[in-house]
Every structure is written in structure tokens, then in C-alpha cells.
Amino acid sequence: MFALRPRNLKVLAAFLFVISVTSFMLNYIEHLGSINWYPEKYLSSFPEQIKRLIQPTWRPCSCARCISEPSLSVWFHERFNQSVPPLLTKHSTIPDDVYHWWLKLQVEEKPKNLSKALVDVFELIPGHSDFPAPDAFRCRRCAVVGNSGNLLKSNYGSIIDSHDIIMRMNRAETVHFENDVGSRTTHHFLYPESYIKLAENVTLVFLPFKTLDLQWLVSALTTGVIRFTYMNVPRWIDTKKDKIIIFNPTFMKYVSDIWMQGHGKYPSTGILVTIFALHMCDEVNLFGFGADSKGNWHHYWEDIISLDFQKSVIHDSIFQTNVTKMLSSINKIQFFSGR
Ligand code: C5P
């Protein structure tokens with residue numbers, strides 16, 4: 001006997017739903033000509049109740065693998081902590097231990113009051129995250145594009161551009177390098193000294209490494225009075241205020257302590273963005289990290305002798321590479337090593 005228990009009702013509803021979709025397809029498909037059928041796209045627009053009925057509750061996303069789903073790697077699950085907030089908002093507080101750690105990153109003689117600096121920033125920008133929320137019917141595919149010279153002649157451009165979210169950092173340019181680095185950017189991570197002008201549709205993810213950086217952001221959007229930090233910085237930026245979000249110092253310390261295990265003075269932009277992406281995406285593919293095939297650690301837009309990321313005394317590039325290689329070996333990211 002088929003009793004009307006909640007579980008049976010769910011099965012019945014799912015069955016009816018499948019029949020409806022199938023008959024819809026059979027009836028209308030010939031009128032539609034060729035259609036693109038992306039189940040996750042259509043399903044994510046269903047009402048919550050229906051979603052919950054058919055939702056495979058054991059999967060947090062619709063990709064082949066989801067970063068946040070349980071895996072066999074103890075190493076990963078000991079580190080990955082989804083309770084650490086990646087972005088600062090109007091209502092964020094910075095714990096004392098984080099503040100004292102953060103104050104030592106780029107020492108300022110007389111740092112201004114941080115709470116006041118944050119109030120000033122969030123009076124100016126809304127600071128709302130524009131990253132899509134996790135959803136069982138969505139696959140958030142992200143490309144994290146570092147600045148390594150190994151991108152040259154890689155032909156990765158179209159693969160990079162195929163991602164939903166494309167994160168670049170610092171002085172990364174795409175013009176003239178489209179074939180190797182792609183042309184789309186959704187999020188660009190930078191700080192005052194690495195500022196470059198961004199296209200209008202790109203979100204600026206601002207990395208504050210000192211209180212003056214937050215003051216610079218306010219100044220650059222209003223009076224233009226700050227023109228020097230430890231080097232000359234642009235007086236003005238033309239990014240729209242609602243396209244600016246702020247990287248959380250608490251997340252920086254989490255990357256430093258937990259992922260980098262204290263190696264290096266503080267984490268590089270590259271590893272900060274990589275771990276940020278683990279928290280914001282379901283699938284992460286890494287491009288432009290590490291040496292090229294000849295062992296050079298330069299930028300893809302500069303000649304070989306201009307920079308050697310590996311010789312940095314602030315960041316530990318070897319430990320960072322080991323972390324990314326480990327993430328790749330346990331299939332949490334895919335590492336594209338370039339040429
Ligand atoms: O040099 P920059 O910090 O702008 O580069 C962005 C990131 O790209 C670095 O923080 C680093 O993680 C990565 N990178 C790399 N190998 C290079 C150059 C940069 O892994 N040769």
C-alpha cells in the first residue's frame with residue numbers, strides 16, 4: 001500500500017515533475033529549433049519548495065566536483081574554514097589579534113584609527129559582494145590568473161575566458177596578450193601601489209595592507225589629497241563606488257596562519273586570491289603561477305630580468321607553490337603550468 005508519508009509525497013512530486021518536464025520537451029522541442037539545454041540554469045530559477053524537493057542534499061553545487069564537499073583529504077579539511085569572512089562589510093569587526101598582526105605588515109609610523117578609516121570607507125562605498133551565492137544547481141567556475149611569464153605562448157586565452165568568474169591581480173594587462181591570458185575579467189585584486197585603471201564592468205577587490213590604504217581609497221574617490229604611501233600612488237581612481245569591495249584582513253591572517261603556516265612575512269596577492277577563490281567558487285582553475293619552463297619567475301608583460309618573484313623576501317614562493325601543488329594533487333584546484 002502507498003501510504004501518504006512525507007517521503008512518498010516527495011517521491012510522487014518528483015515523479016510528476018519529471019513527467020511534466022519530459023512532456024513539455026516532447027511537445028515543444030520541435031517548435032524551438034535548436035535549444036541550449038543547461039539544466040542547472042533552468043533549475044536554479046525554480047521556486048525554493050520545488051528545489052528542495054528535488055535537490056540532491058549531499059551536493060553543494062552542480063559541478064562534477066565541488067570544492068566545499070567532503071573529500072578524503074584530511075590536509076584540506078583541517079585548513080578550509082568556511083566561517084572566516086573573505087570580505088569586509090559595514091558591519092565587520094576586526095578582532096584584536098588580527099589587528100595587531102595586520103599593523104605589522106607594512107609598518108606605518110602613526111597609523112590612523114582603523115575604525116574611523118573603515119567608517120569613512122563604508123560611508124562612501126556600499127561594499128556589497130557581487131559573487132554569486134552557493135547553490136546546489138549552480139556551478140561557479142573560477143579562473144585565478146596570476147602574473148607569471150609562463151603564460152606567454154600558452155594559448156590559454158579561450159580556456160580562461162570560458163570561466164564564469166575571472167580573477168586577475170595587480171598590474172595584469174590583457175590587451176596585446178589576449179591569446180595567452182584571455183580578455184575577460186570579472187574581479188581585479190589590487191592595492192594602492194599596484195593600481196591600474198580597470199574597465200567599467202570589472203569589480204575592484206581592494207586589498208588593504210595598512211590603514212593608509214583605506215585612507216587612500218577614500219581620498220582617491222573624493223579629494224585626491226593622498227599621492228604618496230611608500231611610493232607614488234595615483235591621486236584619483238575612476239572606479240564606480242558600487243564596483244568596489246574590500247578584502248578582509250581577518251581572511252589575510254587566516255591564509256597566513258593556516259594555509260601558509262606562517263611562512264613568509266605575509267601572503268602574496270596570488271595565494272590570497274587563490275584561497276579566496278576556494279571560498280567563493282565551486283571549481284577553481286589556476287593559471288600564471290610559478291616559473292616558466294626555463295626557470296624564470298618574471299611577469300608575462302615584462303622582460304625576464306625585471307622581476308624574480310621567487311627572490312621576494314616578503315613572500316615564500318616555494319611554500320606557496322607547494323600549497324597550490326597540494327591543492328591540485330587532491331583535485332581541489334586544477335593547475336595550468338603554462339610554458
Ligand atoms: O608580481 P605580482 O604580485 O603582481 O603577481 C601576482 C601573483 O602571481 C603573485 O603574487 C604570485 O602569486 C604569482 N606569480 C607567480 N610567478 C611569477 C609571477 C607572479 O606565481 N613569475
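All residue numbers in this chain count up from 1 along the given sequence.
Of all heavy-atom pairs between D213 and E193, the closest is OD1-OE2, 4.1 Å. Across all non-hydrogen atoms, the minimal contact from N147 to N170 is ND2-CB, 4.1 Å. Looking at every heavy atom in both residues, W102 comes nearest to P208 through NE1-O, 2.8 Å.
Between the T274 side chain and the G270 main chain, a donor and an acceptor come within less than 3.5 Å of each other. A distance-only check finds no donor-acceptor pair linking the side chain of K90 to the backbone of P126 [under 3.5 Å]. At least one donor-acceptor pair closer than 3.5 Å links the side chain of E69 to the backbone N or O of C66.
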Output a table of donor-acceptor pairs, distance under 3.5 Å, between side-chain atoms of residues 199-207 and any protein atom two or more places apart or on a different chain; print 'none' if there are none.
from: E200; atom 1: OE2; to: K240; atom 2: NZ; distance (Å): 3.4
from: T203; atom 1: OG1; to: D130; atom 2: OD2; distance (Å): 2.5

I'd like a table of donor-acceptor pairs (distance under 3.5 Å, sequence neighbours excluded) in which one partner is a side-chain atom from residues 275-291, with atom names and distances.
from: H279; atom 1: NE2; to: Y254; atom 2: OH; distance (Å): 2.9
from: D282; atom 1: OD1; to: R140; atom 2: NH2; distance (Å): 3.0
from: D282; atom 1: OD2; to: R140; atom 2: N; distance (Å): 2.8
from: D282; atom 1: OD2; to: R140; atom 2: NE; distance (Å): 3.0
from: E283; atom 1: OE2; to: R141; atom 2: NE; distance (Å): 3.0
from: E283; atom 1: OE2; to: N285; atom 2: ND2; distance (Å): 3.2
from: N285; atom 1: ND2; to: H163; atom 2: NE2; distance (Å): 2.9

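The SG atoms of C139 and C61 do not lie less than 2.5 Å from each other.
Transitive grouping of hydrophobic side chains (ILVMFWY, heavy atoms separated by less than 4.5 Å) keeps V218 and V119 in distinct clusters. One hydrophobic cluster, built from ILVMFWY side chains closer than 4.5 Å, holds both Y266 and V84. A continuous path of Ile, Leu, Val, Met, Phe, Trp and Tyr side chains, each step under 4.5 Å between heavy atoms, connects L105 with L190, placing both in one hydrophobic cluster. Cluster annotation: I196 is connected to L221 through the hydrophobic network of ILVMFWY side chains, with a link wherever side-chain heavy atoms come within less than 4.5 Å.
Separating the CZ atom in R138 from the CG atom in D135 is a distance of 5.0 Å, to the nearest 0.5 Å. Annotation: the span from Y99 atom OH to S115 atom OG amounts to 7.5 Å, rounded to 0.5 Å. Residue K325 holds its NZ atom at 4.5 Å from CZ of F335, rounded to the nearest 0.5 Å. Rounding to the nearest 0.5 Å places CE of M260 at 7.0 Å from OG of S268. Taken from CG in L214 to NZ in K112, the straight-line distance is 13.0 Å, to the nearest 0.5 Å.
The aromatic rings of F209 and Y191 stand perpendicular to each other, their planes meeting at an angle above 60°, with 30° marking the opposite boundary. The aromatic rings of F251 and F247 stand perpendicular to each other, their planes meeting at an angle above 60°, with 30° marking the opposite boundary.
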(message) What verdict does the side chain to side chain donor-acceptor pair (under 3.5 Å) test give for D161 and S183, after you've listed the backbone C-alpha separation in whole Å, the side-chain angles of each residue and the deciding distance to 0.1 Å?
(response) CA-CA 7 Å; D161 280 345; S183 56; 3.1 Å; yes
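Atom CZ of R227 has 12 or fewer heavy atoms from other residues, nucleotides or ligands within 6.0 Å.
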